[in-house]
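Following: one structure in structure tokens, then a few remarks.
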Protein chains: 2
Amino acid sequence: MKTDFRDIKQYIRRRIVAGDWAPGQLVPNEVDLAARFECARATVNRAMRELAEEGLVERRRKAGTRVRSTPLHRPRFEIPFVRKEVEALGSVYGYRLIDRAAGPAPDWLKAQFGLETDIRALHLVCLHLADSAPYQIEDRWISLAALPDAEDNDFSEIGPNEWLISVVPFSDAEISFSAIAADAEAAGRLGCAAGDALFLTERSTWWNGQAITYVRLISRPGHKVTARY
Amino acid sequence: MKTDFRDIKQYIRRRIVAGDWAPGQLVPNEVDLAARFECARATVNRAMRELAEEGLVERRRKAGTRVRSTPLHRPRFEIPFVRKEVEALGSVYGYRLIDRAAGPAPDWLKAQFGLETDIRALHLVCLHLADSAPYQIEDRWISLAALPDAEDNDFSEIGPNEWLISVVPFSDAEISFSAIAADAEAAGRLGCAAGDALFLTERSTWWNGQAITYVRLISRPGHKVTARY
DNA sequence: AAGTGGTCTAGACCACATT
DNA sequence: ATGTGGTCTAGACCACTTA
């Protein structure tokens, strides 16, 4: 049985976790490890490269590989789209379009998109339901300069999120999480009290450097996102 | 100049993004791509493996490599510890211990830790400051069963977070984000109004399968975490 | 100048899932 | 049964960075 790069990863991880190799300390170089494991250097390289990717070690040419002095915590959150999220809860998903209007993009949106020029935008407000109860408000702006087709769609049956994925499946994005107080409107739509603390997800999306859409997702009270690492 | 695996990644990414290879569709296999790029299969493999890791394609033995039908969004959030976070804002970091008490762990904490047995725990409440203004409340429980040394530390000068990192630099963790309303106590400590929407970060940490600590980080109003992908 | 990681090659064998 | 990805090997050359 040949050496598996996972064996090497595990060995190194163990030595680090056990404290044998302290933070900041040098880890043996690839040639030595390859000799000790009687394997090719490429195998050690794969192991070390992945450990670096995971944030456990830091590598620099000539300087060697060191145990990270302060661990890097970079949790990965899975962001499913709403329908999947609701279905994963075992609930029946529902969708309702609340408002739809096309017009010139407001200044704050142009700023958000990093644009100087005037463009038209489509503004959509939708409600996502779980077992007929409000689950999330989707307040979305779509650049009609980037996606003129959006204007032909009335979004009465299918949410803009799913439509967008079918049109521009791959894109660059910036996502952020924060907490906001429910205003009267949001409270009415989510069936909670005004002032309630709500979880807000914001996402801006680009495609080939062009701004596509900006969305505010306001989740029902108690929403939580979780990741392990 | 030899073929760089990045060239292959870029080529494939372009074809996918341009829509030449639609979601769900098969991507050429490694042997064919290696032939087309006149490079070793290992090079193509590296490129494809990374694209799969990024969530752009899906690979299965014998079935081949396909463009993901629905894109995977797994943003990575950098979670620095508070002092770095404050300093990155250009502010002066400050720390204050508010409360410290050792005693039997409450039932909810044992549940959180997945324990049946009674243990003792250290409960700490601290305030992190940015330019002398409240920045974040740290409400932490440390298992004295796992880390008896914690009881010897008074945490008056150094925050438990930094101490923990120095003691158990590597661990498994679960992190979650949510929104809560400020209770009277939190409002007083953060200098905001009761009922204000606050961003809550919770983290449970294990080491070698043993529960170490559970912490609630309540950030000042307006806190936001961001990631790009 | 020298040591380290970064990458490529050409070949091989294997594991697995589909056919 | 067969085609695909998964991995290892042994060797090579290169890029970077520190000494």
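A quick note: this is a predicted structure, and the numbers were derived from the prediction, not measured. Order of the sequence lines fixes the chain letters, A, B, ..., with proteins taken first and strands second; residue numbering starts at 1 for each chain.
Every pair passing side chain to side chain donor-acceptor pair (under 3.5 Å) that includes a residue from residues 37-49 of chain B is listed here, sequence neighbours excluded: E30(B)-R41(B), E30(B)-N45(B), N45(B)-R49(B), R46(B)-E50(B). Here ring-ring contact (aromatic ring centres under 6.0 Å, His included) pairs that include residues 28-73 of chain B, with residues two or more places apart or in two chains, are Y11(B)-F37(B), H73(B)-Y229(B).
For the salt bridge (Lys or Arg N to Asp or Glu O under 4.0 Å) test, residues two or more places apart in sequence or in another chain that qualify with R216(A) are E202(A). Evaluation of the salt bridge (Lys or Arg N to Asp or Glu O under 4.0 Å) rule for E87(A) yields R83(A) as partners, not counting sequence neighbours. D4(B) is linked by a salt bridge (Lys or Arg N to Asp or Glu O under 4.0 Å) to R6(B), counting only residues two or more places apart in sequence or in another chain. Here E58(B) pairs with R68(B) under the salt bridge (Lys or Arg N to Asp or Glu O under 4.0 Å) rule; sequence neighbours left out. Under the side chain to side chain contact (heavy atoms under 4.5 Å, CB included) criterion, A52(B) pairs with V57(B), R59(B), not counting sequence neighbours.
Within the nucleic acid shown, R66(A) has no heavy atom closer than 4.0 Å to any nucleic acid atom.
A 4.5 Å side-chain heavy-atom check between V86(A) and H128(A) finds every atom pair outside the cut-off.
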Would you mind writing out the side-chain donor-acceptor pairs for residues 129-136 of chain A within the sub-3.5 Å range, not counting sequence neighbours?
| residue | atom | partner | partner atom | Å |
| --- | --- | --- | --- | --- |
| D131(A) | OD1 | V92(A) | N | 2.7 |
| D131(A) | OD2 | S91(A) | OG | 3.2 |
| Y135(A) | OH | E85(A) | OE2 | 2.7 |
| Q136(A) | NE2 | S219(A) | OG | 3.3 |

N/O donor to acceptor pairs below 3.5 angstrom from side-chain atoms of residues 16-25 of chain B, sequence neighbours left out:
| residue | atom | partner | partner atom | Å |
| --- | --- | --- | --- | --- |
| D20(B) | OD2 | R15(B) | NE | 3.3 |
| Q25(B) | OE1 | A22(B) | N | 3.2 |

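On the nucleic acid side, DNA chain C contacts chain B at distances under 4.0 Å to non-hydrogen atoms, with the end points of that region at dT7(C) to dT18(C).
Along DNA chain D, the nucleotide nearest to D4(A) and the one nearest to K62(B) differ in position, and the one closer to the 5' end is contacted by K62(B). Of the two residues near DNA chain D, F5(A) and R61(A), the one whose nearest nucleotide lies more 5' is F5(A).
Scanning residues 40-52 of chain A for heavy-atom distances under 4.0 Å to DNA chain C yields R41(A), N45(A). For DNA chain D, the residues of residues 27-39 of chain B within the heavy-atom distance limit of 4.0 Å (strictly under) are N29(B), E30(B), sorted by number.
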